[in-house]
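Okay, so here's the structure we're looking at.
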Amino acid sequence: MNIVVQKFGGTSVRNLECQRQVMQKVLRPYREGNKVIVVLSAMSGETNRLLALAREWSANPDPAEADSLVSTGEQISCALFAMLLKQQGISCRSVLGFQAPIMTDCAYGKARIMNIDETRIRAMLNEYDVLVMAGFQGCDDGQRITTLGRGGSDTSAVALAAAIKADVCEIYTDVPGVFTTDPNMCTDARKMDSITYDEMLEMASMGAKVLQIRSVEFAKKYNVTVHVRSTFSDEPGTVVTKEDATMEAALVSGIAYDKDQARITLINLHDKPGVSAQIFTPLAEQRILVDMIVQNPSKNGKTDMTFTVPRADVDQTLKTLDSLRYEVGFDELDSNLNVSKVSIIGVGMRNHSGVASRAFRALADENINILMISTSEIKITCLIDDKYTELAVRTLHKAFELENGPLGKA
Ligand code: ASP
Ligand code: MG
């Protein structure tokens, strides 16, 4: 049997009218004779409403009960949608996480999928033409309900597609696809036809909030092609897939930014073996995500060390470092909260020189000062004063002619 997996987000299922549009999307593969697995999110706003309720009832909600509570959002949308389909005479049923079952670890609120029993799902597909499956939720060994973290329905859908070896997982949302940059910042932003997993991981971690990052990691690991597209149009969206020859032709695929950054500098740090470990181990233990680490060459056994952390973690980072001042040995701690990261992303830059210099020239022409630079194989990131973020994004988008289609052909 041929199985199609389709996932619909919260705005797509938010009311009866939208669910009728969703039904049209589901009816297409159904009428072509496919079995369909429809994965749904909670109606938009519902997960937030439930989380707020939990906080009203308890200052510190029990994690397992919180998951039991928030998972009801998906139960509601699935039951309602299955009613709609049944009314059309379609053989279907709703399937909750514990019924599939989608087995997870017991990290409530951020559970990881451990196993999906493909035989059970196939058995249900023998009986029904459409399964309406709850996203975002699973079940642990102790038969308790778990949830996968915000945006987790994307990961549910990709994991189901991987488990039943579907060719494609279609993710329907309220935007037409993945853009070359944030369209709210740059009116020239263009929908991409395709993007590689690695590029998408870079775009997503930099704030292109179309897919939960974990779903892209999952898709990459199990080689599931993900098609992100709009519920409210018939246009094809953006295909997230493994790298192929034509993708390599594009030098730069997109520009991402992250305004949620802060810079921390340790001045006159003793330069001896083990200092970096002494600094970064306690930060890692507190799960602070450190990025863009730069250490200057040392003079007279002293050096400066600069790195970035999420803005919300600045206070905790400074407090931790201050407590290490004598143990590690440094003179001063300096921080700057008014910085942002702007990144140029593209698998094509792997084999081409000149991308960095083109980017630096473009920023220089706009008088934007670069505070720090870091690079990976497929990304160049510049830390800049955050008041120039929008200008920098537009400047770089233009410098690589991203408005013109698969661009910057090598
Ligand atoms: N309903 C969950 C959330 O709002 C999961 C999802 O929509 O993907 O985060
Ligand atoms: Mg989402």
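Bear in mind that the values here come from a model prediction, so they are computed numbers and not experimental data. Both ligands and their constituent atoms are indexed starting at 1 by order of listing.
For residues 120-145, the side-chain hydrogen bond (donor to acceptor under 3.5 Å, both in side chains) pairs, not counting sequence neighbours, are Lys35-Asp129, Glu65-Arg144, Tyr108-Asp140, Glu118-Arg122. The side-chain hydrogen bond (donor to acceptor under 3.5 Å, both in side chains) contacts involving residues 68-81 comprise nothing, where partners must be two or more places apart or lie in separate chains.
Partners of Phe307 according to the ring-ring contact (aromatic ring centres under 6.0 Å, His included) rule, which considers only residues two or more places apart in sequence or in another chain, are Phe280.
Protein residues with a heavy atom under 4.0 Å from ligand 1 are Ser41, Ala42, Thr47, Glu74, Phe136, Arg150, Gly151, Gly152, Ser153.
Residue Glu17 qualifies as open at atom CD: its count of foreign heavy atoms under 6.0 Å is 12 or below.
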Verify salt bridge (charged side-chain N to carboxylate O under 4.0 Å, His left out) between Arg394 and Glu403, making sure each step is shown before the conclusion.
CA-CA 10 Å; Arg394 280 198 255 113; Glu403 71 279 14; over 6 Å; no
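Lys319 has no carboxylate O lying under 4.0 Å from a charged side-chain N of Asp322, or vice versa, which leaves the two without a salt bridge.
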